[in-house]
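Structure, as structure tokens:
Heads up: numbering here begins at 1 and tracks the sequence.
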Amino acid sequence: MSTTPSGAGDRLVQVGAIVFFIGALATLVTVAPLFLGTEPFPSIAYGVSMLMGAGFLIAGAGVVRSVWANSPKRAASRS
């Protein structure tokens, strides 16, 4: 177990990774019928695939928040 304190955007990065992997799984499932020669999935499956991009943006926001919170200018004002 880690003893380091969690940063400002750590939770956003974790949530973003989970959403990204759900979207990636949905993308694989959506593309599978193209290779298997079966009927394509309904349009909602393609919408769930968009979670991959949303997860990437959420994780990116977490990284930006962590960098912003740990910037030298903000660190100097806290001291």
Side-chain angles (χ1 to χ4, degrees):
M1 199 159 190
S2 176
T3 59
T4 58
S6 63
D10 288 351
R11 182 66 63 184
L12 280 174
V13 172
Q14 292 171 352
V15 170
I18 292 168
V19 171
F20 179 85
F21 285 118
I22 291 170
L25 181 64
T27 300
L28 290 174
V29 169
T30 304
V31 173
L34 297 173
F35 296 112
L36 300 175
T38 61
E39 289 291 318
F41 287 104
S43 299
I44 191 69
Y46 295 100
V48 175
S49 297
M50 297 297 167
L51 287 176
M52 196 161 69
F56 186 77
L57 288 175
I58 293 169
V63 169
V64 169
R65 184 174 177 194
S66 291
V67 169
W68 182 74
N70 294 325
S71 68
K73 188 182 287 188
R74 290 191 49 84
S77 67
R78 280 184 271 162
S79 301

Between the side chain of T30 and the main-chain N/O of Y46, is any donor-acceptor distance below 3.5 Å?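 No, T30 side chain to Y46 backbone: no donor-acceptor pair under 3.5 Å.
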Which heavy atom of S66 sits nearest to which heavy atom of G9, and what is that distance?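 Taking S66 first and G9 second, the nearest heavy atoms are OG-N, 3.1 Å.
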Closest approach of E39 to P33 (non-hydrogen atoms, all atoms of both residues):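 For E39 versus P33, the nearest heavy atoms are O-CB, 3.6 Å.
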In terms of hydrophobic clusters joined by side-chain contacts under 4.5 Å, are V48 and I18 together?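 Same hydrophobic cluster.
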Under a single-linkage definition using a 4.5 Å side-chain heavy-atom cutoff for Ile, Leu, Val, Met, Phe, Trp and Tyr, are I22 and V15 assigned to the same hydrophobic cluster?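 Linked, I22 and V15 end up in one cluster.
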Atom pair CG/CZ of L57 and F20 - distance to nearest 0.5 Å: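 Between L57 CG and F20 CZ, I get 11.0 Å after rounding to 0.5 Å.
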With a 6.0 Å cut-off (strictly less than), is the heavy-atom count around CD1 of I44, excluding the residue itself, greater than 12?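 Counting other residues, nucleotides and ligands, CD1 of I44 stays at 12 neighbours or fewer.
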